[in-house]
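Here is how names work: the chains are called A, B, and so on, in the same order as the sequence lines, proteins then strands, and each is numbered from 1.
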Amino acid sequence: MTSPAIAISDNTSSDPRQRAPLITCAPDCALITETVCRVVEREKTPLAWYAAFAVSSSFTVVMFLAIGYLFLRGVGVWGNNIPVAWAWDIVNFVFWVGIGHAGTLISAILFLFRQNWRTSINRFAEAMTIFAVMCAGIFPAVHIGRVWVVYWLAPYPNQMQMWPNFRSPLLWDVFAVSTYATVSLLFWYLGMIPDLATLRDRAASRWRKLAYGLFALGWRGSARQWHRYERAYLLLAALATPLVLSVHSVVSFDFAVSQVPGWHTTIFPPYFVAGAIFSGFAMVVTLMVPARAFFGLKELVTIRHLDNMNKVILATSCIVGYAYATEFFIAWYSGSQYELFAFLNRARGPYYWAYWTMVVCNVVVPQVLWLKKCRTTPWIMVIVAILVNVGMWFERFVIIVTSLSRDFLPSSWGHYAPTRIDVAMLLGSFGLFFTLFLLFCRYLPMVAMAEVKAAVSHHPGSDHRH
Amino acid sequence: MADNVPQLDSSAGALKVAAAIGRFASAGALKAAAEAVRDEGYRHWDAHSPYPIHGIERSMGIRPTVLPWLVFGAGLTGAAVAILLQWWTNAVDYPFLISGKPLFSLPANIPVAFELVILFSALAAFAGALLLSRLPQFHHPVFASEEFRRATCDGFFISIEASDPEFDEVKTTGLLEALGAESVELCRLPAAAPRLPRAFYTAAALAVCLALLPPLGVAWYRAAPKRQPRIHPLHDMAFQPKYKAQAASDLFADGRAMRPPVAGTVARGELDEDPRRATGKDEAGNYVTSIPLAPGAAIDKAMILRGKDRFRIYCAPCHGLAGGMPEGAAGEDAEKWQGMVSIRAARRAAGGEGTWTPPRVLTSAYVQDQPDGKLFETISRGVVNQEVRTMPGYAVQIPREDRWAIVLYLRALGRSQNASAGEVPPPVREASVSEEP
């Protein structure tokens with residue numbers, strides 16, 4: 001494997017007089033193709049990949065065993081109780097849906113803002129989005145009790161002569177998450193068709209050619225095809241931008257439309273969306289740093305890309321921290337003793353450790369990213385990103401469990417503790433996520449080659465490719 | 001898919017030129033060449049590049065796509081479908097009130113409408129882009145070229161198809177060379193399209209037939225009459241491992257699933273410290289001669305009025321409002337003193353229909369001489385006279401304290417119906433005298 005000539009070693013300069021190069025290798029189409037495709041095309045799968053796959057797929061099996069046990073015995077195998085009727089199932093759901101926001105943000109919103117640096121990471125982030133939404137979708141589907149009638153959520157004519165209640169945010173959620181999963185998948189797949197055609201045309205074996213050829217749909221890179229493709233991509237980006245903002249808003253309605261103290265707040269939609277972007281970018285950084293090193297993509301996914309993502313993490317961390325402060329202020333300013341109690345109970349009640357874990361991980365730790373040294377050092381940013389995701393998981397735990405466990409009536413208070421099945425399902429969902437992710441790294445192009453080529457082929461000065 | 005089709009089956013016959021392709025050095029060269037090809041009047045041709053080239057659609061004369069209008073239409077459809085769906089299902093076909101929310105209100109319907117606008121638009125954008133580009137299309141002349149594989153890596157190509165009326169092997173390749181193509185190639189395809197082996201169709205037909213068997217089996221099983229209960233893979237709580245009322249059970253010696261309470265069991269709220277109030281008898285089994293009161297209770301006007309109220313509901317229908325016709329009223333209209341049930345039953349008995357035992361006169365000495373406990377027991381258990389039940393027990397209908405109140409009222413009735421004129425309080429007596437004409 002020959003290392004390509006490195007044109008620029010450091011592209012993190014913030015000198016505005018000079019446009020920083022997008023990639024640090026030569027802007028050569030063949031080189032870009034080779035760099036991305038050799039990951040997929042290597043003859044022997046690395047042993048480390050097998051080791052990682054063995055671990056992650058084992059956890060996936062654990063998850064499906066736990067789900068099977070849940071189906072046999074019912075939701076009583078979880079620690080959920082009354083009053084904490086929503087617990088880790090919904091915590092995990094909101095956590096994974098939040099993770100899934102970075103992909104569409106990078107591919108849609110940054111596309112509309114003509115942030116060309118997105119081209120190196122958008123495929124990766126979109127894949128992560130889809131896998132995260134798949135993990136998320138499992139939890140509400142299995143938490144309904146009689147899972148074999150999950151189709152009752154859909155409005156279809158039935159012999160019961162009943163229809164779902166469209167005035168409930170829970171049904172809005174069904175529509176929002178399923179639309180988001182569908183649109184993300186379409187966006188991801190449409191963007192991948194030209195790259196699948198590249199893999200098809202480079203395929204050495206008949207089976208590879210058949211498989212990639214089938215999904216490339218006969219793409220020829222013709223100008224007529226590119227014309228419609230670009231228009232469709234622009235439209236999908238324009239559609240996905242409000243969608244990505246709406247999905248976590250609707251998820252937050254599940255809480256905000258209810259009357260539980262600590263949930264019934266108008267700040268929830270923007271606060272949830274900021275938190276989702278925060279956790280999503282953290283997950284991209286967590287996965288991207290090892291992947292770019294392991295798969296030899298450092299010239300395409302440069303330190304500057306990581307630097308940019310860390311700036312987004314820092315910005316959203318500040319928004320989230322501001323939201324935490326606002327919640328407390330409004331709880332005091334509302335004059336409602338229940339509101340005020342709910343928030344004091346978060347900080348000082350039986351789950352105080354979860355609250356302070358959340359604050360430290362989400363607000364305090366990311367402040368190190370003000371330092372350029374921390375934004376450009378891979379191991380530091382990975383630690384920060386992992387802690388951010390720990391913090392964001394605890395944020396959902398704090399919102400859901402502390403609010404439910406102590407609401408209006410002290411006589412109805414309760415305590416929640418997870419069971420082994422709860423733990424197995426959380427770990428298992430990570431197993432599923434990483435299993436899908438490893439398969440993606442092994443068999444699909446991790447970087448959007450056609451988009452990088454387009455971005456680097458145009459003159460940096462007159463950069464208006466659309 | 002992109003395989004050289006001729007290699008699939010070399011016996012397919014002669015090869016035929018299907019397209020000419022030329023490779024150009026750069027995107028700029030491709031754009032310039034595209035303008036020239038357009039000006040030559042070709043129509044079945046295209047330019048190929050590994051990434052979209054800005055402005056090439058103008059060089060080639062590609063008209064703007066209708067895709068945005070398709071997407072706009074799909075978005076409007078999504079909005080209409082969402083609003084109509086929510087209105088019809090929740091306000092028309094299955095209206096149910098929940099939390100006092102209106103059956104149809106736009107604010108509640110916006111989220112779903114928004115999501116369906118996005119969903120319909122995105123599906124239209126995706127499907128529209130593919131179909132307008134005539135994808136999927138796995139078979140195309142340019143795939144016959146080995147070099148064309150570079151089109152998805154770093155190659156810039158122009159392809160002119162043989163189906164174009166202007167196409168001429170010599171002239172077209174000459175044009176591409178003249179435009180500066182680095183290499184020019186003719187793509188050849190078999191004259192006859194390659195055919196799949198006959199065994200493939202047989203196997204496919206067989207597979208379809210076999211795939212139909214399981215659903216047919218299920219359908220047959222569901223439709224055929226059965227002696228045994230059908231298989232229920234999911235019980236849906238229809239069959240629950242529990243006993244229902246009056247069910248049989250092998251577990252207990254008496255064969256019944258319902259269990260009597262253990263001897264000495266007292267139901268909640270029925271524990272009584274004073275058994276006299278429950279039975280009307282003292283420890284020795286003799287009827288009590290005074291009303292046993294609950295702790296803190298007293299015999300007062302409220303208790304008499306409560307007894308009167310209950311008496312008029314439960315007793316008066318048979319016994320009459322005054323407890324029956326007293327002896328001193330002999331000769332008067334008997335029905336005046338009787339309750340409605342007695343009147344009707346007596347009339348029917350007089351006409352030869354059924355039998356009727358007239359109720360006791362409650363103000364008679366026979367009743368009034370009984371101890372209070374005996375009266376209480378009669379109200380509670382009723383009367384059986386020579387194995388014929390002449391009065392039902394009221395224990396289940398009248399709470400215990402009310403039965404004692406009725407006993408008290410019976411005493412009041414007995415006193416009033418047997419009173420002498422001297423016992424009537426003077427104001428009442430004067431009033432009743434003055435009313436008489």
### Task
Please flag which part of B:Phe157 lies under 4.5 Å from any non-hydrogen atom of chain A: side chain, backbone, both or neither.
neither
### Query
Taking the six-membered ring for Trp, are A:His248 and A:Phe272 ring centroids under 6.0 Å apart?
yes
#### Entry: Under 4.5 Å from any heavy atom of chain A - which part of B:Leu119
both
### Message
Using a 4.5 angstrom heavy-atom cutoff, name the option from A:Leu199, A:Leu243, A:Thr182, A:Val174 with the most pairs to chain B.
### Response
A:Leu243
### Task
Between chain B and each of A:Arg228, A:Gln225, A:Arg220, count heavy-atom pairs under 4.5 Å; write down the option with the most.
A:Arg220
### Query
Which bit of B:Leu103 comes within less than 4.5 Å of chain A, counting heavy atoms only: side chain, backbone, both or neither?
both
### A:Arg202 and A:Glu34 ion-paired at < 4.0 Å
yes
### Message
For the interface with chain A, which of B:Gly55, B:Ala125, B:Pro111 has the highest count of heavy-atom pairs at distances below 4.5 Å?
### Response
B:Pro111
### Query
Of B:Leu84, B:Val92, B:Asn90, which meets side-chain contact (heavy atoms from CB on, under 4.5 Å) against B:Trp88?
B:Val92
### Task
Report the residues that fulfil side-chain contact (heavy atoms from CB on, under 4.5 Å) with B:Leu67, sequence neighbours left out, ordered by chain and then residue number.
A:Arg231, A:Ala232, A:Leu235, B:Thr65, B:Leu70, B:Val71, B:Ala129, B:Leu132
### Task
List the atom of A:Pro164, the atom of A:Leu171, and the distance in Å for their closest heavy-atom pair.
CB-CD2, 3.6 Å
### Task
Can you tell which part of A:Ile193 gets under 4.5 Å to a heavy atom of chain B, answering side chain, backbone, both or neither?
side chain
### Query
Given a strict heavy-atom distance threshold of 4.5 Å, which part of A:Ala203 is in contact with chain B: side chain, backbone, both, or neither?
backbone
### Proximity breakdown for A:Thr198 and chain B, heavy-atom pairs closer than 4.5 Å
both
## Note on the structure
The interface call for B:Trp87 against chain A, heavy-atom contacts under 4.5 Å, is neither
### Message
For A:His264, give me all partners under side-chain contact (heavy atoms from CB on, under 4.5 Å), at least two apart in sequence or on another chain.
### Response
none
### Message
Between A:Asn158 and A:Met162 (side chain of the first, backbone of the second, donor and acceptor by atom type, cut-off under 3.5 Å), is there such a pair?
### Response
yes
### Task
Name, in order of residue number, those residues of residues 18-31 of chain B that have a heavy atom at a distance of less than 4.5 Å from a heavy atom in chain A; otherwise write 'none'.
none
#### Entry: Nearest heavy atoms of A:Pro169 and A:Asp254, plus distance in Å
O-OD1, 3.2 Å
### Query
A:Trp163 versus chain B, heavy atoms under 4.5 Å apart: side chain, backbone, both or neither?
both
### Task
Could you name each residue pair satisfying salt bridge (Lys or Arg N to Asp or Glu O under 4.0 Å) that touches residues 39-49 of chain B, not counting sequence neighbours?
A:Arg224-B:Asp46
### Query
Between B:Ser99 and B:Lys101, is there a donor-acceptor pair closer than 3.5 Å when you use the side chain of the first and the backbone of the second?
no
### Message
Restricting to non-hydrogen atoms, name the atom on B:Cys153 and the atom on B:Pro50 that form the minimum distance, rounded to 0.1 Å.
### Response
O-CB, 3.4 Å
### Message
Quick check for you: among B:Arg150, B:Gln137, B:Glu57, B:Glu115, which has the greatest number of heavy-atom pairs under 4.5 Å with chain A?
### Response
B:Glu115
### Task
Measure distances from B:Pro68 to the heavy atoms of chain A and classify the residue's part below 4.5 Å as side chain, backbone, both or neither.
both
### Task
Between chain B and each of A:Asn165, A:Asp173, A:Val250, A:Val257, count heavy-atom pairs under 4.5 Å; write down the option with the most.
A:Asn165
### Message
Check this for me, if you would: do A:Glu41 and A:Arg208 make a salt bridge, where the nitrogen-to-carboxylate-oxygen distance has to be below 4.0 angstrom?
### Response
no
### Message
Could you tell me if A:Arg200 sits above the aromatic ring of B:Phe148, with its cationic atom closer than 6.0 Å to the ring centre and no more than 45 degrees from the axis?
### Response
no
### Query
Judged by atom type as modelled, is there a donor-acceptor pair below 3.5 Å linking the side chain of B:Glu166 to the main-chain atoms of B:Gly41?
no
### Query
Picking from A:Asp28, A:Asp195, A:Leu239, which has the most non-hydrogen pairs under 4.5 angstrom with chain B?
A:Leu239
### Message
Counting heavy-atom pairs closer than 4.5 Å to chain A, which one of B:Ser159, B:Pro102, B:Ser59, B:Ala82 comes out on top?
### Response
B:Pro102
### Summary
Whatever's closer than 4.5 Å to a heavy atom in chain A on B:Ile98 counts as both
